[in-house]
K.L.:
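Shown below is the structure under consideration.
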Amino acid sequence: MGSLSTFSLLPLLSLSILLVPTATQPAVALPLSADSRWIVDETGRRVKLACVNWASHLEAVVAEGLSKQPIGSISKRIGSMGFNCVRLTWPLYLATNESLASLTVRQSLMGLGLSESISGVQVNNPSIIDLSLINAYQAVVSSLADNNIMVILDNHISTPGWCCGNFDGNGFFGDQFFNPDVWIKGLTRMATMFRAIPNVVGMSLRNELRGNKQNVNDWYRYMQKGAEAVHAANPDVLIIVSGLSYDRDFSFLLKRPINLTFTRKLVFEVHWYAFSDGPEWQTENSNQVCGQVVDNMMRKAGFVLDQGYPLLVSEFGVDLRGTNVNDNRYLNCFLGVAAELDLDWALWTLVGSYYLREGVIGLDEVYGIFNWNWCDARNSSFLDKISAIQSPFQGPGLSEVKRHKVIFHPSTGLCVIRKSLVEPLRLGPCTESESWSYTQQRTLTIKGTYFCLVTDGLDKPVKLSIRCTDPTSKWEQISDSKMHLSSKLDNGMTVCLDVDSRTNAIITSACKCLERDNMCDPGSQWFKLVDTTMSTGATTTFSRFRSVLDCLTKKCLEAY
């Protein structure tokens with residue numbers, strides 16, 4: 001093992017402590033810290049991490065895609081797609097094996113027989129091709145900083161390669177390639193190296209602990225040591241800690257809290273994919289699976305929010321070709337929960353293709369935001385769908401207006417909006433949403449008005465009315481998923497809020513997928529009532545007419 005002191009370090013541009021705001025993101029005063037369950041900046045304002053994973057831990061130990069596009073272009077596109085953060089992976093040996101770290105990018109790719117990748121990097125990133133691997137990694141961080149993107153350094157694995165398996169020798173402390181002392185040394189070196197780089201806002205200690213050796217006592221022993229080592233080397237970064245069983249289980253914390261000497265820097269991370277639950281999303285009833293999976297996630301990991309810690313979903317993702325039923329149904333459930341809990345997250349993955357993955361050169365990554373040649377988005381509608389959860393709904397310093405609710409539709413990533421009192425309610429950007437209140441009488445009312453949401457017949461658009469005491473104005477949150485909003489028609493028939501696929505109007509139709517039917521997709525009828533304190537276009541528009549509305553009597557409103 002070589003000493004890091006002999007590594008040549010890439011000169012990095014001097015970075016301001018203030019990340020410059022983009023068109024969609026406010027300025028972030030770094031460093032970040034934890035305020036109860038929220039991540040906040042130096043001013044105490046909530047910063048929502050909306051990250052994407054950029055792999056740099058495979059055999060080449062080079063950030064993927066540099067043979068396809070210039071590094072600056074990739075970094076710029078990350079911001080333009082609405083992400084404010086990158087979870088940048090690295091193998092432990094990059095920081096602990098000088099022979100590996102000092103290889104140049106050209107030498108690493110050549111050793112793997114990747115001549116085409118060498119040519120691509122030579123064309124697109126000539127300044128990178130003859131840098132050492134450790135300096136090339138620094139160059140990626142620098143490029144992200146130039147484009148106002150925060151970075152989380154994620155120790156993904158020890159030996160470079162694809163992750164993860166129960167028997168790959170990288171799963172848990174004491175495994176063949178996972179010496180705890182070497183791991184702590186590597187964490188310390190990376191924390192020290194990036195100490196003066198403000199856009200490096202966090203360090204994820206280890207990805208997906210797993211395998212036969214995993215046990216709670218060693219988790220506490222070494223995770224606490226690793227956290228303390230990183231904090232001592234770089235007290236500014238968030239310390240991001242993973243659980244057991246492929247980063248899905250923190251249930252042991254209920255009986256025994258983690259014991260650290262520092263405060264306001266600890267974040268827990270969890271992973272959540274459809275395949276984690278097998279084929280159940282396709283073979284079982286989606287409502288029931290969503291309810292069961294969410295209950296399990298909250299019981300094993302989500303409870304840390306109630307304990308006063310931030311929870312980062314550091315990996316979630318789907319097949320972006322849109323043909324995977326299991327993934328599609330899971331995604332609707334995930335987006336509902338992510339919006340309701342206003343979670344911080346990191347999407348897997350940015351990568352459109354790999355230099356080399358599991359023996360395949362140029363493997364196409366169907367979970368990748370970029371397409372194979374890294375030129376365009378693989379699925380632009382997916383980016384539209386997640387855009388609502390890229391911005392915060394609430395948190396410290398974000399009380400622009402009084403707390404209210406938006407009616408979020410996970411299947412589209414849109415919210416219920418209205419253009420006028422006479423036009424049907426429709427789906428639209430959540431920034432244009434109405435400000436709703438869900439009362440103890442189970443009515444959905446527009447805050448500051450007499451209007452409530454009522455049914456008006458089977459397969460007909462819902463309406464706004466001031467008659468808010470009869471059954472047509474009562475909305476129950478039913479089904480195991482807790483995402484159906486049901487009401488009753490005048491004839492007593494139970495109906496659910498739905499979307500007319502032809503007109504995008506909000507209607508009520510017969511409730512579907514409540515029974516054990518695995519062929520039924522409830523996506524169009526899934527809605528979440530999401531708390532927010534952020535002002536919207538509808539809020540601003542309403543304020544202009546508030547004086548007029550206040551002058552109207554209930555009798556006048558009856559006409560509408």
K.L.:
With distance as the sole test, does Ser56 use its side chain to make a donor-acceptor pair with the main-chain N or O of Ala63 at under 3.5 Å?
P.N.:
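Yes; at least one donor-acceptor contact below 3.5 Å.
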K.L.:
If we only count heavy atoms from C-beta on, is the Leu305 to Leu343 side-chain gap below 4.5 Å?
P.N.:
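Yes, their side chains come closer than 4.5 Å.
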K.L.:
Exactly one of Asn125, Asp130, Asn124 should register a side chain to side chain contact (heavy atoms under 4.5 Å, CB included) with Ile128. Which one does?
P.N.:
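For Ile128, the side chain to side chain contact (heavy atoms under 4.5 Å, CB included) check succeeds only for Asn125.
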K.L.:
Using 30° and 60° as the class boundaries, would you call the ring planes of Phe250 and Phe252 parallel, tilted or perpendicular?
P.N.:
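Phe250 vs Phe252 ring planes: tilted.
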K.L.:
Considering only heavy atoms from C-beta outward, does the side chain of Glu340 approach that of Met483 to under 4.5 Å?
P.N.:
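No, too far: nothing below the 4.5 Å cut-off.
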K.L.:
Please find the pair of heavy atoms, one from Ser143 and one from Ile71, that lie closest to each other, and give the distance.
P.N.:
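Smallest interatomic distance, heavy atoms only, reads OG-O, 3.4 Å.
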K.L.:
With the side chain counted from C-beta on, respond yes when Val313 and Phe334 share a heavy-atom pair under 4.5 Å apart, and no when they do not.
P.N.:
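Contact flag for Val313/Phe334 side chains = yes.
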K.L.:
Salt bridge between Glu64 and Arg357, side-chain N to carboxylate O under 4.0 Å?
P.N.:
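Here Glu64 does not pair with Arg357 in a salt bridge, since their nearest N and O are not under 4.0 Å apart.
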K.L.:
Could you check whether Asp342 pairs with Arg46 (Lys NZ or Arg NE/NH1/NH2 to Asp/Glu carboxylate O, under 4.0 Å)?
P.N.:
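Counted as a salt bridge, because a side-chain N and a carboxylate O are separated by less than 4.0 Å.
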K.L.:
State whether Arg378 and Glu365 are salt-bridged, where the test is any N-O pair (Lys NZ or Arg NE/NH1/NH2 against Asp/Glu carboxylate O) under 4.0 Å.
P.N.:
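Here Arg378 does not pair with Glu365 in a salt bridge, since their nearest N and O are not under 4.0 Å apart.
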K.L.:
Is there a side-chain contact between Leu350 and Arg77 (heavy atoms, below 4.5 Å)?
P.N.:
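They are not in side-chain contact.
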K.L.:
Does the side chain of Asp175 come within less than 4.5 Å of Phe172's, by heavy atoms?
P.N.:
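In short, these two side chains touch, coming nearer than 4.5 Å.
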K.L.:
Do side-chain atoms of Ser158 reach the backbone of Asn170 as a donor and acceptor pair under 3.5 angstrom?
P.N.:
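Side chain of Ser158 to backbone of Asn170, a donor-acceptor pair under 3.5 Å: no, none is there.
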K.L.:
Between Ile152 and Leu49, which heavy-atom pair has the shortest distance, and what is it?
P.N.:
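The answer is CD1-CD1, 4.1 Å.
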K.L.:
Does any N or O in the side chain of Lys48 come within less than 3.5 Å of the main-chain N or O of Gln390, such that one atom is a donor and the other an acceptor?
P.N.:
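Checked: no pair found.
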K.L.:
For the residue pair Val499 and Phe527, establish whether any side-chain heavy-atom pair is separated by less than 4.5 Å.
P.N.:
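Yes, their side chains come closer than 4.5 Å.
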K.L.:
Does the cation-pi check pass for Arg206 over Phe178, that is, NZ or CZ under 6.0 Å from the six-membered ring centre and within 45° of its axis?
P.N.:
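Yes - Arg206 lies over the ring of Phe178, closer than 6.0 Å to its centre and within 45° of its axis.
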K.L.:
With a 4.5 Å heavy-atom cut-off, do Tyr355 and Val61 have their side chains touching?
P.N.:
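Heavy-atom side-chain distance check fails, nothing below 4.5 Å.
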K.L.:
As a quick check of understanding, evaluate ring-ring contact (aromatic ring centres under 6.0 Å, His included) for Tyr354 and Trp162, giving each step before the final call.
P.N.:
CA-CA 11 Å; Tyr354 299 92; Trp162 183 248; 5.7 Å; yes
K.L.:
Is any side-chain N of the basic residue among Arg321 and Asp327 closer than 4.0 Å to the acidic one's carboxylate O?
P.N.:
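Not counted as a salt bridge, because no side-chain N and carboxylate O are separated by less than 4.0 Å.
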K.L.:
Do the side chains of Asn328 and Trp281 get nearer than 4.5 Å, heavy atoms only?
P.N.:
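Not touching, per the 4.5 Å side-chain cut-off.
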